[in-house]
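The sequence lines fix the lettering, A, B, ..., with proteins before strands; numbering per chain opens at 1. Since we're looking at a predicted model, the values are computed, not measured.
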Amino acid sequence: MKQTDLKNIFSHYRERAPTIFKNKELLTERFSPGNILHRDPQINQLARIVAPAVGGEKISNTFIFGTVGTGKTLVTRHVTAELEKESPAIKTLYINCKMKRVSDTEYRLLAELVRALGGSVPATGLPTDQVYTRFFSLLEQQKKTTVLILDEVDNIIKNIGDDVLYSLLRVNQDLHDAHLSLIGISNDVQFTDGLDPRVKSSLSEEEIIFPPYNATQLQDILLQRTAEAFQEGVLDRGVVAKAAALAAQEHGDARKALDLLRVAGEVVERQGGQKVLIDHIDSASQKLDTDRTTEVLRTQPKQSLAVLASIITLSGDHGVQTGDVLSVYEKIAASRGLKVLTQRRISDLINELDMLGIISSRVVSKGRYGRTREIRVMLDPALLDKTRKILEENYLLDRLGRFS
DNA sequence: AGTCCACAGGAAGGGCAGGCGA
DNA sequence: TCGCCTGCCCTTCCTGTGGACT
């Protein structure tokens with residue numbers, strides 16, 4: 001392509017009148033509306049819990065539950081931001097524990113906390129207790145009531161265990177001029193069941209539950225945003241209702257509903273269309289699913305892709321067994337110059353693919369013929385096709401979907 | 001009732017890379 | 001530079017397990 005062509009493309013984008021979106025930002029989860037709909041009880045409950053901080057008192061540790069896209073993070077950040085405005089002696093820290101390299105080890109979590117308080121910690125190298133000490137001394141220096149929001153806190157338990165939480169919950173015993181309170185947010189209602197009882201009781205001094213939105217509530221939320229997000233008259237009749245209905249089927253997920261509208265708008269924009277129709281919501285729904293999976297696959301290590309290639313090669317109407325996967329994997333890895341990993345490691349890689357939702361596996365006993373895992377590929381035909389292409393790009397399968 | 005299969009999956013630790021502090 | 005510490009990926013060793021078979 002000539003450079004002049006590039007210039008044309010860019011200037012076309014700059015000069016053309018916006019046809020679909022007025023402000024796309026309103027359809028992203030980064031945007032926080034001034035008025036949060038259908039969450040008054042939860043906002044009031046949380047406000048009452050954190051209010052004592054204004055008077056310099058320590059506030060109760062709080063646990064917030066609710067499925068994805070029910071406004072937990074939005075409400076928590078809204079209330080704590082308002083709280084911060086009330087007094088200069090209050091500071092809130094927000095940590096998203098689901099982010100990679102944040103809560104996968106104790107060291108990283110503590111390093112993240114230190115950074116949030118304005119300190120610095122190397123990515124690796126220090127003994128963990130030194131990072132603890134840095135965190136405590138920074139807290140003490142602040143002389144403030146600090147509210148620590150741990151979003152998706154279940155990831156900490158999964159990756160590190162509950163010792164860190166226990167230490168964080170006890171930190172007030174060593175602080176003189178400061179307080180630390182925790183707000184834990186989780187999608188998984190059952191995750192506290194396995195917690196150390198001491199952690200469980202001090203983390204859930206207060207609990208707030210966020211129920212899923214129903215289709216009508218989702219529609220209200222979408223309408224609140226679409227007026228400013230889209231140009232006038234762009235959305236065809238029934239588009240908002242369709243997006244709300246689809247998202248309501250998926251556990252009342254408002255984020256999903258907003259994504260559907262945004263992606264549908266982007267599809268129309270790219271096609272040079274003028275109007276978002278109901279069909280575009282369906283295409284958006286498919287595109288969201290595909291994008292998520294292909295993104296996950298592209299970031300997988302080669303060994304993991306080699307295991308997936310083995311599973312796909314073997315998969316048919318019946319489930320595939322670990323032993324078969326292993327022998328095909330060994331052939332693929334050896335012929336591609338990869339180091340051939342042991343069965344133990346392959347077992348873990350199969351588990352990881354399962355957690356990513358790419359395959360589904362369950363342990364079955366075949367009696368005299370041993371215990372194994374039965375593995376099935378969980379991709380629809382279109383996605384499977386894309387997956388094969390990614391495996392081809394990595395030279396793990398040929399164009400016919402074989403490994404030889 | 002006992003045996004045995006084909007693994008699952010926990011525990012411990014090796015080896016390497018990256019980084020700190022003396 | 002060296003000793004120490006952590007993260008990460010992996011191996012080795014081991015115990016546990018459900019159900020068909022004897």
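Residue pairs meeting the salt bridge (Lys or Arg N to Asp or Glu O under 4.0 Å) criterion with at least one partner in residues 46-67 of chain A, sequence neighbours excluded, are absent. Residue pairs meeting the salt bridge (Lys or Arg N to Asp or Glu O under 4.0 Å) criterion with at least one partner in residues 63-78 of chain A, sequence neighbours excluded, are absent. Here salt bridge (Lys or Arg N to Asp or Glu O under 4.0 Å) pairs that include residues 28-40 of chain A, with residues two or more places apart or in two chains, are Glu25(A)-Arg30(A), Glu29(A)-Arg255(A).
The nearest whole Å value for the distance from the CG atom in Leu338(A) to the P atom in dC10(C) is 10 Å. In this entry the distance linking CD1 of Ile375(A) with P of dA6(B) reads 16 Å, nearest Å. Whole-Å rounding puts the Gln321(A) CD to dA6(B) P distance at 10 Å. Taking atom NZ of residue Lys302(A) and atom C1' of nucleotide dC8(C), one finds them 20 Å apart after rounding to whole Å. Between Asp324(A) atom CG and dA6(B) atom C1' the separation is 11 Å, expressed in whole Å. Between Arg362(A) atom CZ and dC7(B) atom C1' the separation is 15 Å, expressed in whole Å. dC9(C) atom C1' lies 14 Å from atom CD of Gln300(A), rounded to whole Å. As a whole-Å value, the separation of Tyr107(A) OH from dG19(B) P is 11 Å.
Judged as a ring-ring contact (aromatic ring centres under 6.0 Å, His included), and not counting sequence neighbours, the contacts of Phe230(A) are Phe21(A). Contacts of Thr73(A) classified as side-chain hydrogen bond (donor to acceptor under 3.5 Å, both in side chains), with partners at least two apart in sequence or in another chain: Asp151(A). For Ala284(A), the side-chain contact (heavy atoms from CB on, under 4.5 Å) test picks out Leu260(A), Val263(A), Ala264(A), with sequence neighbours left out. Under the ring-ring contact (aromatic ring centres under 6.0 Å, His included) criterion, Tyr132(A) pairs with Phe136(A), sequence neighbours left out. Every residue was checked against the side-chain hydrogen bond (donor to acceptor under 3.5 Å, both in side chains) condition with Glu330(A), not counting sequence neighbours, and none meets it. Applying the side-chain contact (heavy atoms from CB on, under 4.5 Å) test to Gln303(A) and every residue at least two apart in sequence or in another chain returns Tyr329(A), Leu338(A), Lys339(A), Leu341(A), Leu349(A).
Across dG7(C), dC10(C), dG21(B), the shortest atom-to-atom separation from the side chain of Arg134(A) is found for dG21(B).
If you check residues 340-348 of chain A against DNA chain C, the residues with a heavy atom closer than 4.0 Å are Val340(A), Leu341(A), Thr342(A), Arg344(A), Arg345(A), listed by number.
Side chain to side chain, Asn351(A) and Arg373(A) meet the donor-acceptor criterion of an N or O pair below 3.5 Å.
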Pick out the pairs of N or O atoms, protein on one side and nucleotides 17-22 of chain C on the other, that lie under 3.5 Å.
from	atom 1	to	atom 2	distance (Å)
dT17(C)	O2	Arg371(A)	NE	2.8
dG18(C)	N2	Gly367(A)	O	3.0
dG18(C)	N3	Ser365(A)	OG	2.9
dG19(C)	O4'	Ser365(A)	OG	3.2
dG19(C)	N2	Gly367(A)	O	3.0
dA20(C)	O4'	Arg368(A)	N	2.9

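Residue Asn351(A) has a polar side-chain atom (N or O) positioned under 4.0 Å from OP1 or OP2 of dG9(B).
End-to-end axis angle of the helix from dA1(B)-dT22(C) to dA22(B)-dT1(C), from C1' rotation axes over five pairs per end: 20° (rounded to 10 degrees).
For the salt bridge (charged side-chain N to carboxylate O under 4.0 Å, His left out) test with Glu393(A), the passing option among Arg298(A), Lys386(A), Lys302(A) is Arg298(A); the others fail.
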